[in-house]
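I have a structure I would like to understand better, so I am pasting it below and will then ask my questions one at a time.
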Amino acid sequence: QVHLVESGGGLVQAGGSLRLSCAASRRTFGVYAVGWFRQAPGQEREFVAGFSRTGGGTFYADSVKGRFTISRDSAKNTVYLQMDSLKPEDTASYYCSASSTVINSAIRSPTSYAYWGQGTQVTVSS
């Protein structure tokens, strides 16, 4: 079992940047796949970026590729989401998730993840 806590959300103007953090209660590298998802009001939760369980693979949604970067500090058991060139359509609650069983082909599905943080709000103004 792993406990996840997100931080770093806030209000930013379009074109700006934010870095989200996901602090895990235990080591995730080599144990858990870690994914970032987001959910806007009235919309389904959607995949943003993630690490495979082995830690060797990174995955991005097409909508954020080239603008967002996922990274990790294994010593701190923390995964980051650097978000650059933010757009108003990036406005959502962002959630960190973890799974010890997901395979790469299912890494973009929120139903693949058993552990979730409480979320952090990102608002991008135009």
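Owing to the predicted nature of the structure, the values given are computational and were not obtained by experimental measurement.
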> Linking I/L/V/M/F/W/Y whenever any side-chain heavy atoms sit under 4.5 Å apart, do V64 and Y95 land together?
Replying inline: no
> When you look at F59 and F47, which way does the ring-ring contact (aromatic ring centres under 6.0 Å, His included) test go after all the steps?
Replying inline: CA-CA 9 Å; F59 302 83; F47 176 80; 7.2 Å; no
>> If I compare all heavy atoms of S21 with all of W36, which pair ends up nearest, and what's the gap?
In response: O-CH2, 3.6 Å
> Does the pair L4 and V34 meet the rule for a side-chain contact (heavy atoms from CB on, under 4.5 Å), with working shown?
Replying inline: CA-CA 10 Å; L4 306 170; V34 177; over 6 Å; no
>> Using every non-hydrogen atom in the two residues, find where L81 and A49 come nearest and quote the distance to one decimal.
In response: CD1-CB, 4.0 Å
> Could you give all pairs that pass the salt bridge (charged side-chain N to carboxylate O under 4.0 Å, His left out) test and reach residues 15-43, with sequence neighbours left out?
Replying inline: R38-E46, R38-D90
>> Could you measure the distance from the CD atom of Q121 to the CG atom of L11? Nearest 0.5 Å is fine.
In response: 9.5 Å
> Once you round to the nearest 0.5 Å, how far does OG of S126 lie from CD of Q13?
Replying inline: 9.5 Å
>> Over 60° means perpendicular and under 30° means parallel, so tell me whether Y94 and F68 are parallel, tilted or perpendicular.
In response: tilted
>> Measuring from atom OG of S52 to atom CD1 of I103, what distance do you get when rounded to the nearest 0.5 angstrom?
In response: 12.0 Å
> Side-chain contact, heavy-atom cut-off 4.5 Å: N77 with V2?
Replying inline: no
> What are the two closest non-hydrogen atoms of A23 and T78, and how far apart are they?
Replying inline: CA-OG1, 4.0 Å
>> For the CZ atom of R45 and the OG atom of S109, what is their distance to the nearest 0.5 Å?
In response: 11.5 Å
> Less than 4.5 Å apart, any side-chain heavy atom of F29 and any of D73?
Replying inline: no
> Counting only N and O atoms by type, is there a donor-acceptor contact under 3.5 Å from the side chain of R53 to the main-chain atoms of S99?
Replying inline: no
> How long is the span from the CG atom in L86 to the OG atom in S17, to the nearest 0.5 Å?
Replying inline: 6.0 Å
> Just by distance, do the side chain of Y60 and the backbone of I70 share a donor-acceptor pair under 3.5 Å?
Replying inline: yes
> In Å and rounded to the nearest 0.5 Å, what is the CZ to CZ distance from F51 to R72?
Replying inline: 5.0 Å
>> Check whether S112 reaches the backbone of V102 with its side chain - one donor and one acceptor, N or O, closer than 3.5 Å.
In response: no
>> Has Q118 got a side-chain atom pairing as donor or acceptor with E6's backbone, closer than 3.5 angstrom?
In response: yes
> Does the Y115 side chain pair with the main chain of C96, one donor and one acceptor, at a distance under 3.5 Å?
Replying inline: no
